[in-house]
Amino acid sequence: MDYAQLAQLMFPHTEHDVDYYLNKYGPRDLPEGAIVTRYAPSPTGFIHMGALYASFVSRTFAKQTGGVFYLRIEDTDTKRTVDNGIQLIIDDLKKFGVVFDEGPVSQTEAVGDYGPYIQTQRKEIYDTFVKHLVAQGKAYPCFCTPEELEAIRAQQEREKEPIIGYWGKYAKYRELDPAEAARRIESGEPYVVRLKSFGDPTRKETFRDEIKGKLTVPENCLDIVIMKGDGFPTYHFAHFVDDTLMRTTHVIRGDEWIASLPIHLQLFRTFGFQPPKYAHIAPLMKTEDGSTRKLSKRKDPECAISYYFEIGMPTESILLYLATICNSDFEDWFMKNPGAKIEDFTFRFNHIGKAGAIYDLAKLYNISKGFVSRMKAQELYDRSASFLKEYDPAFYELYSRDEAYSVAALNIDREKPKPRKDIAVYGDIKAQIWYLYDELFHTPWQDNSIIDTAILSDYFANVYDPADDSAAWMEKVKAFAPKHGYAADVKEYKKNPDQYRGHFGAICGMLRYLVTSQTNSPDLYSILHLLGGQRVLARWNAYQEWAK
RNA sequence: GGCCCGAUGGUCAAGCGGUCAAGACAUCGCCCUUUCACGGCGGUAACCCGGGUUCGAUUCCCGGUCGGGUCACCA
């Protein structure tokens with residue numbers, strides 16, 4: 001029995017050979033310099049920030065070069081598969097405008113000519129490639145039990161072997177006679193398939209990473225598992241096969257993969273294929289008690305993108321922040337072109353930071369405030385309404401009862417050259433405008449020293465006219481102020497502070513406190529106007545009752 | 001522990017042998033202003049350490065320190 005016969009015994013069902021697939025999935029017809037890349041998650045249904053970041057970067061580079069961005073589902077570890085996981089990932093990413101040119105579009109459907117895009121549906125392809133290797137004696141079945149593997153490791157550690165793992169003289173099934181291997185397989189003994197490594201770890205090879213630049217790594221000498229006991233390929237092998245056949249030009253992934261780069265390079269070399277370009281992204285970090293660590297989906301709630309749905313963060317804000325982390329010159333460009341589309345900025349690999357950036361929520365909020373401030377009131381209303389409907393139904397009732405009123409509330413100090421920037425997330429809205437809803441405004445005052453009842457009594461009896469426009473209202477307040485010892489003019493007051501109890505702003509403060517129970521608010525006139533004379537007077541009466 | 005990567009103000013970061021070492025967030029002060037916010041102006045604040053190379057190193061090289069990653073039939 002020779003290797004070819006062994007391969008045939010192991011994979012009797014494959015219909016085609018490697019060349020067949022290479023021809024079937026030929027080179028893509030794309031413009032010069034077009035980047036083909038992918039997002040390749042396990043179908044856990046869960047997306048964390050790091051993954052969103054990587055997919056954002058991938059899509060951005062593909063799109064700005066006229067290339068292709070596709071989705072591939074890496075479900076070879078069946079333990080990680082969640083029901084409906086694919087759908088959840090697609091739907092969540094879509095909310096961020098991350099959409100795919102190819103790949104699954106739902107749990108059961110897909111588009112594109114380079115599929116299937118779900119790894120468990122590609123088994124025959126992997127079989128074909130493994131078979132090819134076995135037939136050439138470049139891969140072999142290994143019958144080691146987990147206990148044996150553990151024993152090897154223990155021995156290596158005892159002997160201070162610099163390289164731990166299944167290699168060289170420790171690779172006990174590497175030279176097993178094909179006939180013996182065949183016998184054990186036929187008798188039903190479980191096995192994995194390992195690559196017969198020809199690497200020499202004392203030799204280093206340098207490699208150019210698109211982000212990290214020059215990387216020096218030792219050759220791989222481990223006989224790594226390429227096909228697991230369940231017949232599915234390992235990540236390494238699936239990456240090699242899929243990215244070859246799907247004609248990926250750039251593999252953009254987390255830099256935790258750098259350590260396995262020697263394996264991947266070796267796989268391509270074994271087949272004589274040109275490896276794709278690699279761009280390894282540093283992880284998002286978090287500081288905690290003075291030390292830094294990778295943002296963790298277990299420890300850090302802000303790591304899960306679902307967190308942002310729950311607080312009502314616009315997805316654009318997150319994208320803007322990720323763009324800022326990705327290429328820091330993006331921020332300068334965006335400040336010069338506020339409201340511009342992210343796609344209009346040209347990102348560069350060599351501007352991506354090599355070290356992991358600390359994920360800064362304060363910065364994210366700042367960016368989000370800027371984004372929300374540029375929104376039209378109606379748009380803010382529409383978007384926040386669907387958020388509130390789900391996360392704050394009680395407030396949503398009031399909010400949606402009179403849409404025009406709520407939009408007007410949101411429009412105070414909005415849609416002007418220098419809009420307010422006090423809303424970062426839709427969850428902030430209630431705290432900003434609650435006092436405009438009578439149902440929420442039950443004698444909320446806490447401090448009876450702010451309002452001078454005599455002054456406001458005079459004001460409401462003799463000055464206040466709900467029909468006044470903004471300028472007239474202001475003029476009347478100013479004219480009224482001196483009657484009670486307040487300056488009608490701020491500069492005048494500052495010149496002679498001793499001659500006044502304060503300036504007319506204090507009277508505005510009283511009115512503000514009356515109608516909002518707060519000492520600060522957006523434009524007072526707008527609030528009074530929106531409330532209307534009747535409700536303002538009602539609050540005045542309620543206040544007097546309360547202050548008794 | 002072996003191997004790999006990284007290191008500029010509190011944070012994100014420009015820089016790519018000669019700069020008074022940009023900018024943004026945060027912070028502080030002032031101005032504008034009916035309050036707040038916005039905006040404007042200004043302040044505090046940084047090249048991890050030690051050796052080289054060089055007329056000259058934040059920048060290039062070598063050590064060290066610190067930080068991160070990785071050593072699975074998980075991806």
Side-chain angles (χ1 to χ4, degrees), chain A residues 40-42 44 74-77 79-80 119 142 144-146 149 153 157 160-166 190-194 201 204 209 212-213 215-218 222 224-236 238-239 253-262 280 282-283 285 287 291-294 321 324-325 327-329 331-332 334-335 350-351 353-367 369-370 373 413 416-423 432 473-474 477-478 481 490 503-513 516 518-525:
Chain A
S42 294
T44 59
E74 311 223 323
D75 58 347
T76 56
D77 179 10
K79 291 187 293 295
R80 292 168 76 140
Q119 288 182 332
C142 165
C144 275
T145 62
L149 258 14
R153 161 190 310 280
E157 270 164 14
K160 302 244 188 305
E161 191 72 74
I163 296 171
I164 306 288
Y166 198 91
Y191 67 95
V192 299
V193 181
R194 289 182 183 272
K204 311 274 185 191
D209 183 272
K212 305 272 180 181
L215 248 37
T216 305
V217 294
L222 261 21
I224 54 129
V225 174
I226 57 176
M227 182 170 277
K228 300 181 287 184
D230 62 7
F232 285 113
T234 54
Y235 169 86
H236 308 298
H239 151 56
R253 51 158 46 161
D255 68 4
E256 67 271 20
W257 289 108
I258 288 177
S260 31
L261 203 50
H280 287 100
M285 309 296 285
T287 45
S291 69
T292 317
R293 45 156 246 260
K294 201 167 152 179
Y321 177 58
T324 302
I325 291 180
N327 272 195
S328 65
D329 44 342
E331 190 174 16
D332 283 338
F334 192 72
M335 268 187 292
N350 60 7
H351 281 49
K354 297 179 189 201
I358 288 174
Y359 187 74
D360 186 353
L361 270 178
K363 181 91 174 182
L364 205 204
Y365 269 72
N366 177 273
I367 286 173
K369 283 179 179 176
S373 78
D413 288 345
K416 48 201 257 188
K418 293 174 182 175
R420 293 183 72 82
K421 292 187 180 175
D422 45 15
I423 297 172
Q432 293 295 330
W473 170 79
M474 177 61 74
V477 174
K478 287 184 175 180
V490 179
H503 62 75
F504 75 99
I507 294 171
C508 293
M510 294 179 201
L511 286 169
R512 173 174 292 108
Y513 192 68
T516 68
Q518 298 173 181
T519 53
N520 57 55
S521 77
D523 180 60
L524 216 208
Y525 173 80

Could you tell me the separation between the [atom1] atom of [X] and the [atom2] atom of [N], rounded to a whole number of Å?
X	N	atom1	atom2	value
Lys354(A)	G6(B)	NZ	P	6 Å
Lys212(A)	C5(B)	NZ	C1'	6 Å
Asp360(A)	C25(B)	CG	C1'	7 Å
Tyr359(A)	C25(B)	OH	P	18 Å
Ile224(A)	C73(B)	CD1	P	10 Å
Ile358(A)	A7(B)	CD1	P	14 Å
Met227(A)	A75(B)	CE	P	13 Å
Arg80(A)	C73(B)	CZ	C1'	14 Å

Partners of [X] by side chain to side chain donor-acceptor pair (under 3.5 Å), sequence neighbours excluded?
X	result
Arg194(A)	none
Lys418(A)	none
Asn327(A)	none

Pairs satisfying salt bridge (Lys or Arg N to Asp or Glu O under 4.0 Å), at least one member in residues 357-366 of chain A, at least two apart: Glu331(A)-Lys363(A)
5' precedence on RNA chain B between Lys204(A) and Asp77(A) (nearest-nucleotide basis): Lys204(A)
Residue whose closest nucleotide on RNA chain B lies nearer the 5' end, Glu331(A) versus Asp523(A): Glu331(A)
Taking [M] as the reference, what is the distance to [N] when you measure between their [atom1] atoms (whole Å, please)?
N	M	atom1	value
U34(B)	C12(B)	C1'	37 Å
U8(B)	A22(B)	C1'	12 Å
C32(B)	C47(B)	P	37 Å
A13(B)	C55(B)	C1'	32 Å
U44(B)	C30(B)	C1'	15 Å
C16(B)	G23(B)	P	16 Å
U58(B)	G15(B)	C1'	9 Å
G68(B)	C48(B)	C1'	16 Å

Proximity to the side chain of [X] - top-ranked nucleotide from [options]:
X	options	answer
Leu524(A)	C38(B), C73(B), U34(B)	U34(B)
Arg420(A)	C36(B), U34(B), U11(B)	C36(B)
Lys228(A)	U35(B), A13(B), C73(B)	C73(B)
Tyr235(A)	G6(B), G23(B), A75(B)	A75(B)
Ala357(A)	C3(B), A24(B), C12(B)	C12(B)
Lys363(A)	U34(B), C73(B), C25(B)	C25(B)
Glu74(A)	U34(B), U11(B), A75(B)	A75(B)
Leu149(A)	C73(B), C74(B), G23(B)	C73(B)
Cys508(A)	A75(B), C38(B), U34(B)	U34(B)

Side-chain donor or acceptor of Ser42(A) paired with backbone N/O of Thr44(A) under 3.5 Å: no
Short side-chain to backbone donor-acceptor contact, Thr76(A) and Phe232(A), under 3.5 Å: no
Determine the contact category for [X]: base if any of its heavy atoms lies under 4.0 Å from a base atom, sugar-phosphate if only primed atoms, P, OP1 or OP2 are that close, otherwise nothing.
X	answer
Pro146(A)	nothing
Leu215(A)	sugar-phosphate
Ser373(A)	nothing
Gly229(A)	base
Ser42(A)	sugar-phosphate

Ranges pairing with ranges for RNA chain B, where each run has three or more Watson-Crick or G-U pairs under 3.5 Å: B:1-7 with B:65-71, B:10-12 with B:23-25, B:27-31 with B:39-43, B:48-52 with B:60-64
pair [X]-[Y]: side-chain heavy atoms closer than 4.5 Å:
X	Y	answer
Glu74(A)	Tyr235(A)	yes
Val490(A)	Phe504(A)	yes
Ile226(A)	Pro233(A)	no
Thr324(A)	Phe334(A)	no

Under the salt bridge (Lys or Arg N to Asp or Glu O under 4.0 Å) test, residues paired with [X] that sit two or more places apart:
X	result
Lys294(A)	none
Asp75(A)	none
Arg420(A)	Asp413(A), Asp422(A)
Arg153(A)	Glu150(A)

Polar atom pairs (N or O), protein with nucleotides 65-72 of chain B, under 3.5 Å:
residue: G68(B); atom: OP1; partner: Thr292(A); partner atom: O; Å: 2.7
residue: A72(B); atom: OP2; partner: Arg153(A); partner atom: NH1; Å: 3.0
residue: A72(B); atom: OP2; partner: Arg153(A); partner atom: NH2; Å: 2.3

Per-nucleotide protein contact string for nucleotides 26-33 of chain B, where B marks a base within reach and S marks sugar-phosphate only (heavy atoms under 4.0 Å, - for neither): S-------
C4(B) phosphate, OP1 or OP2, under 4.0 Å from Thr216(A) side-chain N/O: no
Test ring pair (Phe, Tyr, Trp, His ring centres under 6.0 Å) applied to Tyr191(A) - qualifying residues, sequence neighbours left out: Phe143(A)
